[in-house]
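Take a look at the structure set out below.
Order of the sequence lines fixes the chain letters, A, B, ..., with proteins taken first and strands second; residue numbering starts at 1 for each chain. Since the model is a prediction, treat every value here as computed from it, not as a measurement.
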Amino acid sequence: EPEVTQTPSHQVTQMGQEVILRCVPISNHLYFYWYRQILGQKVEFLVSFYNNEISEKSEIFDDQFSVERPDGSNFTLKIRSTKLEDSAMYFCASYRDRAYEQYFGPGTRLTVT
Amino acid sequence: AQSVTQPDIHITVSEGASLELRCNYSYGATPYLFWYVQSPGQGLQLLLKYFSGDTLVQGIKGFEAEFKRSQSSFNLRKPSVHWSDAAEYFCAVSPPRGGGGADGLTFGKGTHLIIQP
């Protein structure tokens with residue numbers, strides 16, 4: 001069964017550094033998402049992406065965040081200057097269209113020290 | 001703004017007993033409704049979903065959920081739990097197709113299910 005993959009599974013970075021989290025959505029899916037889950041808290045929507053542009057973003061998704069689909073298969077989340085509070089599990093998800101459920105990747109655990 | 005409430009933070013159930021996890025939502029129209037399960041250190045797996053039609057939906061692993069419009073609820077049930085069901089369960093909503101608004105899922109805070117032997 002096709003699945004969403006994410007790399008790396010765990011990333012440790014120092015405060016102020018840039019990180020790029022990578023996702024490979026399911027190949028025929030058209031809508032892509034990033035979510036985060038701070039330890040012990042609920043999953044929160046960050047951003048949705050369709051037709052090579054952001055379609056929606058939450059208030060969490062500020063200027064420090066950006067997303068890109070550089071090559072038609074990868075979908076990346078960049079955090080320009082990480083803060084301690086960016087430490088969380090980041091999940092990528094994809095949809096074929098809005099009639100179908102979102103498929104989630106296994107997540108990348110980001111630890112900012 | 002849409003919101004999801006899971007009133008039970010923790011639930012402890014004996015193995016073999018029945019289970020019901022509660023979920024209430026606040027949304028202008030009937031949203032799409034989902035239940036996801038997250039095992040420790042794992043990602044989110046979809047258990048079941050409701051878009052329209054029959055209000056009792058069947059999912060994977062023997063789970064079912066019932067949509068009750070009058071109560072704005074979408075409770076998850078299982079007749080007999082197994083030790084492997086111990087996990088975090090999240091209820092989520094999204095706008096219906098064509099409903100507009102942010103299309104990301106809105107999750108509840110989750111219910112931690114503990115299974116007693």
Side-chain angles (χ1 to χ4, degrees), chain A residues 1 3-7 9-10 21 23-26 29-51 53-61 65 67 77 88-109, chain B residues 1-10 21 23 25 29 31-53 57-60 63 65 74 87-112:
Chain A
E1 184 177 332
E3 58 183 20
V4 177
T5 60
Q6 291 185 243
T7 54
S9 57
H10 191 188
L21 310 182
C23 167
V24 179
I26 295 172
H29 284 192
L30 303 175
Y31 296 80
F32 312 108
Y33 300 79
W34 283 102
Y35 294 83
R36 79 171 185 191
Q37 184 184 29
I38 295 171
L39 186 64
Q41 299 187 25
K42 67 177 180 180
V43 179
E44 299 172 290
F45 166 72
L46 291 178
V47 66
S48 60
F49 191 87
Y50 170 71
N51 200 24
E53 61 183 21
I54 291 173
S55 51
E56 290 289 344
K57 59 183 180 180
S58 71
E59 63 268 17
I60 302 169
F61 194 87
F65 292 89
V67 289
L77 174 69
M89 182 75 91
Y90 289 81
F91 293 105
C92 173
S94 67
Y95 252 101
R96 199 178 86 180
D97 68 44
R98 289 178 62 190
Y100 295 86
E101 69 268 18
Q102 294 184 18
Y103 290 82
F104 281 78
T108 293
R109 177 161 299 285
Chain B
Q2 56 209 42
S3 66
V4 179
T5 301
Q6 293 180 248
D8 303 305
I9 298 172
H10 299 277
L21 302 182
C23 173
Y25 66 89
Y32 290 167
L33 297 155
F34 308 84
W35 274 98
Y36 283 87
V37 62
Q38 183 182 34
S39 297
Q42 302 296 311
L44 295 156
Q45 182 182 24
L46 180 72
L47 287 175
L48 45 77
K49 62 186 184 289
Y50 174 79
F51 292 157
S52 64
V57 293
Q58 302 297 319
I60 63 171
F63 285 93
F74 188 56
E88 192 83 15
Y89 290 80
F90 292 96
C91 181
V93 303
S94 75
R97 185 170 52 171
D103 59 353
L105 291 172
T106 298
F107 284 84
K109 291 187 177 181
T111 297
H112 185 63

Honestly, the part of A:E44 sitting under 4.5 Å from a heavy atom of chain B is neither
The interface call for B:L46 against chain A, heavy-atom contacts under 4.5 Å, is side chain
Closest non-hydrogen atoms of B:Y36 and A:Q102, given as atom of the first, atom of the second and distance, are OH-O, 2.9 Å
Heavy atoms from other residues, nucleotides or ligands near CD1 of B:I9 exceed 12 (cutoff 6.0 Å): no
Sorted by chain and residue number, the ring-ring contact (aromatic ring centres under 6.0 Å, His included) partners of A:Y90 (sequence neighbours excluded) come out as none
When the 4.5 angstrom heavy-atom criterion is applied to A:S55 and chain B, the contacting part is side chain
Heavy-atom nearest pair, A:Q37 first then B:F90, reads NE2-CZ, 3.4 Å
dist B:L105:CG -> A:Y33:OH (nearest 0.5 Å) comes out at 7.5 Å
Looking only at heavy atoms, the pair that brings A:Y95 and B:S94 closest together is OH-OG, 3.9 Å
Turns out that what part of A:Y50 lies under 4.5 Å from chain B's heavy atoms comes down to neither
Hits for side-chain contact (heavy atoms from CB on, under 4.5 Å) against A:T5, two or more places apart or cross-chain, chain-then-number order -> A:E3, A:V24
query: Heavy-atom distance under 4.5 Å between the side chains of A:F91 and B:Q38, does that happen here?
result: yes
